[in-house]
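Notes for the one structure printed next.
All chains are named by letter (A, B, ...) in the order of the sequence lines, taking the proteins before the strands, and each is independently numbered beginning at 1.
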Amino acid sequence: MAYVEKQDRGQLRVDVEECKGCGLCVEACPPKVIALGERLNHYGYRTAAYKGTGCTGCGICFMACPEPGAITVMRIVNRARSVEQCMVGASECASN
Amino acid sequence: MSSEMIAEYEVSHGKAKAFYERYERKDELQHQTHFCPGCGHGQTHKMLAKAIDELGIQNRTILVGPVGCGVFTYYYYDVGNISAAHGRATAVATGVKRSRPESIVIDYQGDGDLAAIGSAEILHAANRGEHITVIFVNNAIYSMTGGQLAPTTLLGQKTATSPEGRNAANEGYPLHVCELLATLEAPVYIERVGLGDNKQIMQAARAIKRAVENQVRGLGFSLIEVLSPCPTLFKMTPVEAQRWVRDVMEKTFPLGVFRDRTKEAQPRALPEAAPALDRIPQILGVANEDLPEGNPAVHDETAADLDLAVRVAGFGGQGVLLLGEVLAEAGLDAGLEVSWLPSYGPEMRSGTSNCHVRLATRVIDSPMVTNPDVLVAMNEPALRKFVKSVHAGGWILYNGEEFPADCEQPGVQVLACPFTEIADALGNARAGNMLMLGALLEMTGVLRDVNIDAALKRLVKNPRWTELNRRAIERGRELMRESRL
Ligand code: SF4
Ligand code: SF4
Ligand code: SF4
């Protein structure tokens with residue numbers, strides 16, 4: 001069941017039209033999973049981008065970001081259920 | 001099996017509901033704030049919005065915004081908003097909280113606003129322990145106006161107006177607002193936080209929420225000072241500016257709690273709300289039921305085209321202002337347009353004093369009386385000062401036996417009597433003004449006794465004077481009638 005462990009606890013969404021590319025989130029993120037992207041947005045800012053994996057859902061980047069809605073942090077909700085479902089699956093397997 | 005295990009995520013940190021969806025300040029860029037990249041105002045705004053969300057007070061929050069980079073609070077927060085004049089946010093917040101005690105009133109100010117032009121307002125609001133929450137953003141510089149030295153600028157810090165760096169001998173020392181306010185008795189909570197690193201940011205968010213919560217609990221005055229980066233005027237990158245707050249600014253402005261009486265503070269009874277507008281006439285004693293009976297609020301037919309301009313002048317203490325006031329108040333009672341404009345020196349007694357009164361059937365254009373129809377001169381200096389201003393066909397009532405010959409004006413009629421002496425004989429020399437009023441009423445034929453009685457009843461509360469004033473006015477009328485014989 002190693003795939004359960006691989007699910008990141010958090011995910012990051014950046015609104016590239018609201019981000020001003022200040023870089024404070026890059027600095028703030030403990031596991032360093034944010035970087036400023038190559039792409040310039042509509043207003044000429046090099047905006048923040050999630051590296052794609054490794055977010056813990058801690059929310060620190062959200063607090064460090066000065067823009068009201070540039071960052072949205074998501075947290076995993078169904079991990080417990082996943083594990084539970086696995087257990088059910090496993091017992092079913094065992095009974096078979 | 002692994003293909004069924006797609007994780008679900010839900011938002012844990014997203015845009016606060018206390019913010020508007022879009023900011024209608026401009027036609028475009030409605031999803032962006034006006035702050036520069038990395039500005040500490042943005043983080044502070046978010047912390048406050050989050051606190052409002054978490055405490056569930058959005059629909060009873062009134063935010064009083066400053067002048068400075070924080071000026072546009074009303075474009076961002078979907079709460080009640082007021083924009084105060086520079087430095088006056090604390091005073092405005094005081095008034096709002098006192099008249100709407102059930103509202104949560106938050107005062108948001110920067111250091112130029114709060115610590116310079118608004119220093120008196122914050123000091124006294126804190127000293128009175130107003131039930132408000134103050135968010136004080138300190139970035140050590142005047143930002144909106146282009147980086148001038150602020151009271152909070154650090155020693156040695158270069159600004160547009162301290163190009164060699166702040167020098168204590170010339171510009172004084174950085175003002176420590178938290179420390180200063182913590183010397184006062186009334187404040188309940190005072191804390192300085194910073195935006196210098198993750199730890200500081202998390203603490204700042206907690207402190208801001210606490211300061212708002214204190215008000216929800218009815219505890220009293222709370223202030224949070226936020227050391228905040230201004231990358232633009234620090235001339236640094238956002239990350240450098242953040243570090244500067246932590247490594248440099250904090251040395252001058254140590255973080256911490258300077259006052260915490262939240263444990264011992266008792267929730268105070270809310271102040272009584274201000275009276276409703278329609279109760280104010282009653283409180284002032286000018287409601288309809290306070291007016292004498294049988295007193296229709298219409299003036300005499302004969303006064304259909306009245307426009308009377310009177311100047312009353314004399315020494316302070318002679319009843320100059322009261323004479324004018326009675327005239328104006330009686331005019332109000334008669335349903336006329338009136339104005340009364342006092343003008344006096346700083347002395348309570350013996351200084352010169354005068355007032356302008358107008359009574360008219362039409363709307364009065366100006367309360368100033370430059371060329372009166374009637375000059376009431378209660379002494380010789382007053383006569384000499386204003387005699388030339390009386391227009392031809394006008395009147396002078398002069399308080400003196402002899403009218404000075406050199407004061408005579410062509411076409412101006414005069415009644416000169418020693419009114420003060422006559423009043424003294426009647427019972428009190430101070431009723432001289434009422435004698436002169438009587439003469440004026442008789443001479444002009446304006447207003448009825450019932451109007452004068454109503455005015456006197458409202459203006460002279462002491463019943464001791466009522467009878468004497470009546471007799472003085474009647475005697476004044478007689479003197480005028482006698483002079484015409
Ligand atoms: S939530 Fe935490 S781990 Fe995830 S990107 Fe933000 S700071 Fe990094
Ligand atoms: S902190 Fe916010 S505005 Fe700054 S780069 Fe990150 S997402 Fe963009
Ligand atoms: S000038 Fe400074 S305080 Fe003003 S918006 Fe820009 S960064 Fe913020």
A:Glu17 vs B:His31 side-chain heavy atoms within contact, under 4.5 Å: yes
Test item: A:Met63 and B:Met202 side chains (from C-beta on) under 4.5 Å apart, heavy atoms: yes
Validation row: A:Arg75, B:Glu10 side chains within 4.5 angstrom (heavy atoms): no
Check: B:Gln32 main-chain N/O paired with A:Glu18 side-chain donor or acceptor under 3.5 Å: no
Option that, when pairs with chain B are counted at under 4.5 Å, heavy atom only, ranks first among A:Cys19, A:Pro30, A:Cys61, A:Ala64: A:Ala64
Contact winner vs chain A - B:His13, B:Lys15, B:His41, heavy-atom pairs under 4.5 Å: B:His13
Residue part contacting chain A, namely of B:Tyr20, when any heavy atom lies under 4.5 Å: neither
Over-ring placement of B:Lys50 relative to A:Phe62, 6.0 Å and 45° cut-offs: no
A:Arg9 side chain near B:Tyr9 side chain, heavy-atom distance below 4.5 Å: no
Minimum heavy-atom distance A:Pro66-B:Gly38, with the two atoms named: CG-CA, 3.8 Å
B:Arg246, CZ: over 12 other non-hydrogen atoms inside 6.0 angstrom: yes
Residue A:Cys58 versus chain B: region with a heavy atom under 4.5 Å: backbone
Candidate list B:Cys36, B:Pro37, B:Cys39, test side chain to side chain contact (heavy atoms under 4.5 Å, CB included), partner A:Cys22, passing option: B:Pro37
Chain B contact via A:Glu67 - which portion, at a heavy-atom distance below 4.5 Å: both
Residue B:Lys199 excluded, over 12 heavy atoms near NZ under 6.0 Å: no
Non-hydrogen side-chain atoms of A:Cys65 and B:Lys46 separated by less than 4.5 Å: yes
Any side-chain heavy-atom pair of B:Val239 and A:Leu24 under 4.5 Å: yes
B:Gln30, CD: over 12 other non-hydrogen atoms inside 6.0 angstrom: yes
Whether over 12 other heavy atoms sit under 6.0 Å from B:Lys235 NZ: no
Partner chain B: residue of A:Gly10, A:Ala70, A:Pro68 with the largest heavy-atom pair count (under 4.5 Å): A:Pro68
Sidechain-backbone polar pair: A:Thr72 side chain, B:Gly14 backbone, donor-acceptor under 3.5 Å: no
